[in-house]
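Shown next, in structure tokens, is the structure this report addresses.
Both backbone and side-chain heavy atoms feed into the values below; hydrogens, waters and symmetry mates do not. Just so we're clear, the structure is a prediction, and the values are computed from it rather than from any experiment.
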Amino acid sequence: MTPPFIFMDLRTADTEASRRFYTELFGWTVADVPAGSASVPMFVDADGPWGGFTPLAADDARLPQWIPYAPVTGLDDAVRRATELGATVVRPRVDFPAGSVIVIQDPHGATIALWETRAS
């Protein structure tokens, strides 16, 4: 079976502590990947980045969590279908050079990111 997730995002209030924990626990490699004029810490392997860190803002009451990214074709249609099924949009659409993402919460409270890769 092909894994259903293409990326994992770790939302954390302490990126450095989380980085230490996962590198020490599993031996995962974290690299600072260039992103414009800054760099972003990401979990990487020989194939490239497979996960990243998103800092939780001090006023964000949500607990730290892992958010899986599920690939979709037709992001807006997928979100429309999800909301018809009872999901709510947690983070509206964000467009990146590689694709676009919308984060939803299912009717029971679990969060998932819907990702559409930009056509080349």
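- In plain terms, the two heavy atoms of Pro4 and Pro71 that are nearest each other are O-CD, 3.2 Å.
- Cluster membership check: Leu56 does not share its hydrophobic cluster with Val90, using side-chain heavy-atom separations under 4.5 Å among Ile, Leu, Val, Met, Phe, Trp and Tyr.
- Linking ILVMFWY side-chain heavy atoms closer than 4.5 Å, directly or via other members, places Trp50 and Ile6 in two distinct hydrophobic clusters.
- A distance of 7.5 Å separates OG1 in Thr15 from CG in Leu10, rounded to the nearest 0.5 Å.
- Remark: Trp28 CH2 to Arg19 CZ distance equals 14.0 Å, nearest 0.5 Å.
- Scored by the salt bridge (Lys or Arg N to Asp or Glu O under 4.0 Å) test, Arg20 finds no partners at all (sequence neighbours excluded).
- Scanning both residues, Val101 and Leu75, for their nearest heavy atoms gives N-CD2, 4.0 Å.
- In terms of heavy atoms, Ile112 sits closest to Pro68 at CG1-O, 3.5 Å.
- Contact detail for Ala82 and Ile104: the closest heavy-atom pair is CB-CD1, 3.7 Å.
- Residues passing the side-chain hydrogen bond (donor to acceptor under 3.5 Å, both in side chains) test with Arg93 are Asp76, Asp95, Ser100, sequence neighbours excluded.
- Shortest non-hydrogen contact noted between Leu85 and Pro107 is O-CG, 3.4 Å.
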Next item on the list: Would you please test Asp45 and Thr29 for side-chain contact (heavy atoms from CB on, under 4.5 Å) and show each step?
Entry: CA-CA 7 Å; Asp45 62 18; Thr29 300; over 6 Å; no
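- Residues meeting the salt bridge (Lys or Arg N to Asp or Glu O under 4.0 Å) test with Glu84, sequence neighbours left out: Arg81.
- One finds the CZ atom of Arg11 at 8.0 Å from the OG1 atom of Thr111 (value rounded to the nearest 0.5 Å).
- A distance-only check finds a donor-acceptor pair linking the side chain of Arg118 to the backbone of Pro97 [under 3.5 Å].
- Residues passing the ring pair (Phe, Tyr, Trp, His ring centres under 6.0 Å) test with Tyr69 are Phe7, sequence neighbours excluded.
- Grouping the Ile, Leu, Val, Met, Phe, Trp and Tyr side chains by contacts below 4.5 angstrom, directly or via other members, places Ile67 apart from Phe53.
- Under the 4.5 Å side-chain contact rule for hydrophobic residues, Met8 and Leu25 share a cluster.
- A pairwise comparison of heavy atoms in Pro41 and Val30 identifies CB-CG1, 4.0 Å as the closest pair.
- Applying the side-chain hydrogen bond (donor to acceptor under 3.5 Å, both in side chains) rule to Trp66 yields the partners Tyr22; only residues at least two apart in sequence or on another chain are considered.
- Not counting sequence neighbours, the partners of Thr117 by the side-chain hydrogen bond (donor to acceptor under 3.5 Å, both in side chains) test are Trp115.
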